[in-house]
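Worksheet: the structure to be examined is printed underneath.
As the structure is a computational prediction, the values presented were derived from the model and not from experiment. Note that the numbering runs from 1 along the sequence shown for the chain.
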Amino acid sequence: MARSQAEKDASHRRIVKAAAAQIRRDGVDAVKVAELMREAGLTHGGFYRHFSSREDLIDEAIDAALTDGSRRADTGESQDPGAELAQIIDGYVSKAHRDNPQVGCAVAALPTDVSRSGSRARHAYSRQVRRYIDRLVGLIRQAEPDTKRDEAVLTLSALVGAVAMSRAVDDPELSDEILARTANALHRRAHEAAG
């Protein structure tokens with residue numbers, strides 16, 4: 001009995017992981033249950049042993065994608081907040097992040113899909129945005145708490161927007177420019193704040 005439950009749990013995790021990657025890469029509408037189950041190495045008929053509906057899967061996969069992004073973004077505590085902020089900026093607006101949405105940050109990959117989703121997905125997205133803002137507040141060198149929060153929201157918005165735009169444009173040079181100029185501008189702001 002315990003082995004059967006362990007196998008079911010492992011299968012459930014595989015389905016959610018495959019759905020989370022597909023959602024980040026192709027969006028919510030691209031998730032087809034039969035294809036997803038095949039990708040997870042399971043039969044289509046087994047889907048309802050794990051989820052009551054496709055929407056339940058989508059909500060759980062979005063939550064998993066956001067949580068996974070948070071774990072990967074956590075570089076640990078750095079001695080120098082300025083260096084940690086620079087590392088976050090460079091990693092986020094990188095070509096590697098742009099070109100690999102299936103393993104990238106779900107906050108950048110999913111805003112449109114989540115805005116049309118149910119409350120569970122929106123709550124998970126909001127929770128992740130708050131985590132990122134709070135983390136940035138701790139890294140930004142401003143004297144006033146309100147100013148730090150303003151900068152954190154602006155920084156996160158610039159990072160997410162730059163990645164989303166760089167993925168959407170059809171001109172590779174413009175895509176690269178969006179990433180590079182956003183990184184330059186954010187580094188310049190951080191340097192000026194450190195003063």
Side-chain angles (χ1 to χ4, degrees), residues 16-32 35-36 39 58-76 78 81-117 121-122 124-140 150-193:
V16 171
K17 183 178 180 180
Q22 186 174 24
I23 287 169
R24 283 190 300 239
R25 182 184 61 238
D26 303 320
V28 169
D29 290 340
V31 175
K32 308 293 185 242
E35 293 170 17
L36 182 68
E39 183 180 333
I58 297 298
D59 284 346
E60 191 170 336
I62 288 172
D63 193 10
L66 290 159
T67 301
D68 183 50
S70 180
R71 274 194 303 271
R72 274 185 280 101
D74 188 11
T75 59
S78 173
E84 187 174 345
L85 178 59
Q87 182 180 0
I88 289 169
I89 292 167
D90 291 338
Y92 208 94
V93 291
S94 68
K95 293 176 186 179
H97 186 208
R98 175 197 62 201
D99 297 343
N100 296 287
Q102 71 277 10
V103 294
C105 178
V107 172
L110 300 177
T112 302
D113 285 321
V114 170
S115 70
R116 297 181 186 124
S117 294
R122 291 178 67 112
Y125 192 89
S126 299
R127 182 184 66 229
Q128 191 59 42
V129 168
R130 282 188 194 96
R131 280 184 190 152
Y132 285 158
I133 290 170
D134 290 344
R135 183 168 176 206
L136 290 169
V137 164
L139 300 176
I140 291 173
D150 289 348
E151 285 296 315
V153 170
L154 178 64
T155 299
L156 181 60
S157 298
L159 293 171
V160 170
V163 171
M165 287 171 38
S166 71
R167 288 175 178 161
V169 299
D170 68 352
D171 178 347
E173 288 181 19
L174 177 58
S175 179
D176 290 348
E177 180 182 13
I178 290 167
L179 295 177
R181 290 190 183 274
T182 300
N184 291 342
L186 290 174
H187 284 303
R188 192 168 44 252
R189 288 182 72 85
H191 180 73
E192 289 168 0

message: So, using side chain to side chain contact (heavy atoms under 4.5 Å, CB included) as the criterion, who are the partners of Arg127 when residues are at least two apart?
response: Asp63, Thr67, His123, Ala124, Arg131
- prompt: Looking at residues at least two apart in the chain, or sitting in another chain, which of them share a salt bridge (Lys or Arg N to Asp or Glu O under 4.0 Å) with Glu177?
  reply: Arg181
message: Checking Asn184 now: which residues fulfil side chain to side chain donor-acceptor pair (under 3.5 Å) with it, not counting sequence neighbours?
response: none
Under 3.5 Å, side-chain donor or acceptor atoms of residues 107-116 against the rest of the protein: list the pairs with distances, not counting sequence neighbours.
residue : atom : partner : partner atom : Å
Asp113  : OD2  : Val28   : N            : 3.2
Ser115  : OG   : Pro111  : O            : 3.4
Ser115  : OG   : Thr112  : O            : 2.7

message: I need the Arg135 CZ to Thr155 OG1 distance, nearest 0.5 Å.
response: 13.0 Å
- prompt: Below 4.5 Å, heavy atoms only, C-beta onward: do Glu151 and Leu136 meet side chain to side chain?
  reply: no
- prompt: Which atoms form the tightest heavy-atom contact between Ala19 and Leu36, and what is the distance?
  reply: N-CD1, 3.4 Å
task: Taking all heavy atoms of Val16 and all of Ala64, pick out the closest pair and write down the distance.
output: CG1-CB, 3.6 Å
In a table with atom names and distances, give each donor-acceptor pair under 3.5 Å that connects a side chain of residues 88-96 to protein atoms at least two apart or in another chain.
residue : atom : partner : partner atom : Å
Asp90   : OD1  : His187  : NE2          : 2.6
Ser94   : OG   : Gly91   : O            : 2.8
Ser94   : OG   : His97   : N            : 3.1

message: To the nearest 0.5 Å, what is the distance between OG on Ser126 and CG on Leu66?
response: 9.5 Å
- prompt: Taking only residues two or more places apart in sequence, or in another chain, which ones meet Asp26 in a side chain to side chain contact (heavy atoms under 4.5 Å, CB included)?
  reply: Gln22, Ala30
message: One pair to check against side-chain contact (heavy atoms from CB on, under 4.5 Å): Cys105 and Val163. What are the steps and the verdict?
response: CA-CA 10 Å; Cys105 178; Val163 171; over 6 Å; no
message: Ala185: which residues meet the side chain to side chain contact (heavy atoms under 4.5 Å, CB included) condition with it, sequence neighbours left out?
response: Arg188
- prompt: Does Asp171 have any side chain to side chain contact (heavy atoms under 4.5 Å, CB included) partners at least two apart in sequence or in another chain, and if so, which?
  reply: Glu173, Leu174
message: A quick test of your reading: do over 12 heavy atoms of other residues, nucleotides or ligands sit less than 6.0 Å from CZ of Arg167?
response: yes
task: Using the test side chain to side chain donor-acceptor pair (under 3.5 Å), find all partners of Arg25 that sit at least two apart in sequence or belong to another chain.
output: none
- prompt: Is a side-chain donor or acceptor of Ser166 paired with a backbone partner of Ser175 at a separation under 3.5 angstrom?
  reply: no
- prompt: What do the steps show when you test Arg189 against Leu154 for side-chain contact (heavy atoms from CB on, under 4.5 Å), and what is the final call?
  reply: CA-CA 11 Å; Arg189 288 182 72 85; Leu154 178 64; 3.6 Å; yes
- line: Note: Thr182 and Ala162 closest approach over all heavy atoms is OG1-CB, 3.4 Å
query: Roughly how far, to the nearest 0.5 Å, is CD1 of Ile58 from OG of Ser117?
result: 8.0 Å
message: Test of understanding: with side chain to side chain donor-acceptor pair (under 3.5 Å), list the residues that count as partners of Arg122, not counting sequence neighbours.
response: none
field: Partners passing side chain to side chain donor-acceptor pair (under 3.5 Å) against Asp134 (at least two apart in sequence or in another chain)
entry: Arg149
field: For Glu60, all residues meeting salt bridge (Lys or Arg N to Asp or Glu O under 4.0 Å), sequence neighbours excluded
entry: none
